[in-house]
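All of these numbers come straight from a predicted model, not from anything done at the bench. Below, chains carry the letters A, B, ... as their sequence lines are ordered, and counting in each starts from 1.
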Amino acid sequence: MTDPRFDVRFDAGQADARWQAAWDEARCFEADSASTKPKSYVLEMFPYPSGRIHIGHVRNYTMGDVLARYKKLNGFEVLHPMGWDAFGMPAENAAMEKGVHPAGWTYDNIATMKRQLRQLGFALDWSREIATCDASYYGHEQALFLDLYAAGLVYRRESAVNWDPVDQTVLANEQVVDGRGWRSGALVEKRKLNQWFLKITHFAQDLLDGLSTLEGWPEKVRVMQENWIGKSTGLEFSFDLSNGASLPVYTTRPDTIFGASFVAVAADHPLAQDVAASNAGAAAFIEQCKKGGTTAAELETAEKLGFDTGITAAHPFTGAALPVYIANFVLMEYGTGAVMAVPGHDQRDFEFASKYGLPITRVIAASADQADAPLTEAETGDGICVNSDFLNGLTVAQAKAEVIRRIEGEGRGQGKTVWRLRDWGVSRQRYWGTPIPFIHCEACGVVPVPKDQLPVKLPEDVDFSVPGNPLDRHPTWKHVDCPQCGKPARRETDTLDTFVNSSWYFLRFASQPADKPFDAAEVAQWLPVEQYIGGIEHAILHLLYARFWTRALAHIGAVEVKEPFASLFTQGMVTHETYSRKDGVREIYFSPAEVERSSEGAVLKADGLPVQIGKVIKMSKSKKNVVDPEDIIADYGADAVRWFMLSDSPPERDLPWSEAGIEGCARFVQRLWRLFGQYDAAASGEDKALRRKLHQSVAAVAADIEALSFNKAVARIYELTSAIEKAAPSADRNEAIRGILLLVSPMMPHLAEEAWAALNEKGLGGTGLIANAAWPAVDPALLVDDEVTVAVQHMGKLRDTITVAKGLPKDQLEALALASEKVQRSINGAAVKKVIVVPDRLVNIVT
RNA sequence: GCGGGCGUGGCGGAAUGGUAGACGCCGGGGACUUAAAAUCCCCUGAGCCUUGCUCGUGCGGGUUCGAGUCCCGCCGCCCGCACCA
């Protein structure tokens, strides 16, 4: 008895749009902060509106969508918002290259990408849509920035920047390639500018401690952040120099102080600069250091080089005169920019000492009788102190404490914690960002813009035809009166780093009053985000900044939580094979659309001749191995595309896109559609096995979705589909059809709505939209089988399987196993020494 | 160098210490059809003396009645950080 409506194929082309409109109409996915239901906040990293969505977005948002829809079916009030990380350089680049306005370019892209996201049927609360480039967003950001300033977490200081002399602009580190500006190719200069900083280091310890509480985060990301924060404990103390000055150094190994044989300072250390002023050799060496490359490969092989200043430093305990070198391996940015060098127990110092013939003394050994064992390389491991005067015999830990105690006692220095983490420089000399809300007054200094004058809006009439910061060049924008004294003053023309925009957007999603950034009580309804999903590329910067902002806002009492994201999931990339031909030395790439792929190989459609099939790698424009989501949605429908995104590969791993794979998914959509058509209201009778399979599948799929193991959920659904197809019509089969319809609804929502509507007319028993329905209930009694297949092994090798009632006693199971003809043949008359019986699983006979 | 992860069929991948290869893709065979598409059924790790047997989860050891899984030692690949004192 099939329904004639199901005789025709499921037509995604018309069904998708229809159900998307129905969800909008019903305001199905708008989150209600006042709801009494348990709350669930599911968030995917919001996209940069670069032009069109790419397949990586589709995978990311499909995962979040399945979780959000699943949570909703399970009775949660779900917040699943979407917005746009809309400030940034590409908009300005477009302005410079194409003569368009950054705002126009950005909003056009947003419109395109929003339309594309809608085509995928995501259960998003568009009523809360945010674009960070709207004054309605960045105005609140300015208010928060002023609050942090008032709390002492924002400050200004002079700092070196990468200056592109051609483009007249500051470059981010990533924009400097081999010492040259990425756009102009000009040699980049270091310039000192007054810049704004956020005091992230104030929270260094707390950010570090918090990592251990983030059990829902990947270990990898936690470790990366831990390394980035880079806590080290040691001793800072000063050497008295032969020129009468004092030189502070920092060491994590005060226990090795008796092994110090020289002192080294960075090339840009003030002492080095002093020496260079009167010593041409030193000046030349410093110049040489500056030219040294900073790439990984160069550092790997870079020789340790130094310049002997002729100055000596007095060892704090022995008084020995240690030579002071300017050395290329010492960094000014870390510690004090000067180190005590212990060649025996630091590899860099070892290489340096070997080159310049400086003493290499062992001061740590495995035991006292190893005190004079030769050193062929630096030994950095644990041990006890030797050749170290009053430290001899102490462990490394004891010696560290003892040296710190003595140095502190003598007032020469103190134990100190040093962090790798730096304060966050947020000034950008760019137009397309949040204006920093301050005014510079000759009389009053730096004055915050009064809150009632926020937002400080970007001027719209800007000129990108010449290099530099358009805000600074603008004829009128920066000229304002001082809010304090009323005299003519100058507006700050720097804008905020775009990472600031993404450091609090999840709070604005949760609560968006017009008159303030968010309402603390409403935020508390939703935060922390239950599941955050995005790319691993944000493991450090975005995720650390967001954790910092949330702490900073908690610090000033604006929010209650410290950790914004309870669980984090980093999804893999979508990959595709490449197609190319050699043209002389150059490799010419072709897009999948230009190529006809078969199991034998690939040919170019244009000429029918073969092309080379290359490695499966991340989709990228340069390799042309991209598929456009809009094209594949048009070809296969949103549900097939979504299903593909969830199938096969575990979500944290890369997913290889293939034509054959998506076709398989599209076939499965139709197969389910046909199955739904077999719902038979007239059928009656039981099918206990199928009912059991259904309940087991519901429980397993639920567990898989909650673990984000979508590939496993997909496999379960395939199995259940086969089981239902094979079953004869019965009331239980109808129930199974209803069940699988609900199981696939988070993954294939359009197909599910279409079938739900049609089957409800036939007595399925549901109402309204399946998006608003309830996840099938599970009867725990049905999760266990009443018959089990038990493996029978002889010496650990499988010889037979027997099907028995569940819970059969051990002795009976053993008897049945021994009765097996196959087992007896394998035993072949040998004496049975032992029988291992695992009830309901296996019997192993040992002879 | 340090840190994190991964090695399972032709491919993507399953597998609380208990029947390795679920599920999907590819491939092969068949049914239906005048034919094709669509659909359905069967087979699909390797080898062999094919009622079955042997081998098989990167390599070498070990623990165990039993190891893809646990332990020790290697090899290879991927990712992140990196002259951080």
Give the rounded distance in Å between these two atoms: [atom1] of [X] and [atom2] of [N].
X	N	atom1	atom2	result
A:Glu719	B:rA15	CD	P	12 Å
A:Arg420	B:rC2	CZ	P	18 Å
A:Phe668	B:rG12	CZ	P	22 Å

Between [M] and [N], how far apart are the [atom1] atoms? Round to whole Å, please.
N	M	atom1	answer
B:rU64	B:rG4	P	30 Å
B:rC32	B:rG21	P	33 Å
B:rC72	B:rG80	P	28 Å
B:rG1	B:rU69	C1'	31 Å
B:rG12	B:rG7	C1'	15 Å
B:rU44	B:rG29	P	15 Å
B:rC42	B:rG24	P	12 Å
B:rU63	B:rG76	C1'	26 Å

Taking pairing as Watson-Crick or G-U wobble with both contacts under 3.5 Å, can you name the mate of [N], or confirm there isn't one?
N	answer
B:rC70	B:rG62
B:rU33	none
B:rG1	B:rC81
B:rC25	B:rG10

Nearest-neighbour nucleotide for the [X] side chain, [options] considered:
X	options	result
A:Lys304	B:rC40, B:rC83, B:rU19	B:rC83
A:Lys220	B:rC79, B:rA14, B:rU19	B:rC79
A:Val339	B:rG24, B:rA85, B:rU19	B:rA85
A:Thr801	B:rC40, B:rG52, B:rU19	B:rU19
A:Arg667	B:rC26, B:rC40, B:rU19	B:rC26
A:Met224	B:rG80, B:rC83, B:rG4	B:rG80
A:Ala715	B:rU19, B:rA22, B:rG13	B:rA22
A:Tyr718	B:rU19, B:rG24, B:rG3	B:rG24
A:Arg348	B:rG3, B:rG12, B:rA85	B:rA85
A:Arg799	B:rG12, B:rU54, B:rG66	B:rU54

Checklist outcome for this item: Judged by nearest nucleotide, the residue sitting upstream toward the 5' end of RNA chain B, A:Arg422 or A:Ser722, is A:Ser722

Checklist entry - Which residue lies toward the 5' end of RNA chain B, A:Gly796 or A:Met340, if each is placed at its nearest nucleotide? => result A:Gly796

Item to check | Under 4.0 angstrom between A:Tyr334 side-chain N/O and B:rA85 OP1 or OP2 | outcome: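 Looking at the OP1 and OP2 atoms of B:rA85, one of them is under 4.0 Å from a side-chain N or O of A:Tyr334.
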
Checklist entry - Does B:rC40 have OP1 or OP2 sitting under 4.0 Å from an N or O in the side chain of A:Arg674? => result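 Indeed, a polar side-chain atom of A:Arg674 lies that close.
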
Next on the checklist: If we check side-chain contact (heavy atoms from CB on, under 4.5 Å) with A:Val701, which of these qualifies: A:Leu720, A:Ile740, A:Val714, A:Ile717?
Outcome noted: A:Ile717

Next on the checklist: Using a 6.0 Å cut-off, check whether atom CD of A:Glu652 has over 12 heavy atoms from anything other than its own residue.
Outcome noted: yes

How is [X] classified with respect to the nucleic acid when contacts are heavy atoms under 4.0 Å: base, sugar-phosphate, or nothing?
X	value
A:Val714	nothing
A:Gln793	base
A:Pro218	nothing
A:Asn711	sugar-phosphate
A:Arg653	sugar-phosphate
A:Thr789	base

Taking atom types as modelled, find out whether [X] and [Y] have a side-chain donor-acceptor pair closer than 3.5 angstrom.
X	Y	value
A:Ser697	A:Arg716	no
A:Arg653	A:Gln571	no
A:Ser722	A:Arg671	yes

Next on the checklist: Name the residue from A:Arg362, A:His345, A:Gln347 that meets the side chain to side chain donor-acceptor pair (under 3.5 Å) definition with A:Glu379.
Outcome noted: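 Only one of A:Arg362, A:His345, A:Gln347 forms a side chain to side chain donor-acceptor pair (under 3.5 Å) with A:Glu379, namely A:Arg362.
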
Next on the checklist: Between A:Asn328 and A:Glu303 (side chain of the first, backbone of the second, donor and acceptor by atom type, cut-off under 3.5 Å), is there such a pair?
Outcome noted: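 Yes.
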
Item to check | Reported CD1-to-NE2 distance for the pair A:Ile257 and A:His315, which is rounded to 0.5 angstrom | outcome: 5.0 Å

Checklist entry - How should the glycosidic conformation of B:rG62 be described, syn or anti, under the criterion that syn lies within 90° of 0? => result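 It is anti.
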
Next on the checklist: Once hydrogens and angles are ignored, does a donor-acceptor distance under 3.5 Å link the base of B:rC23 to the side chain of A:Lys712?
Outcome noted: no

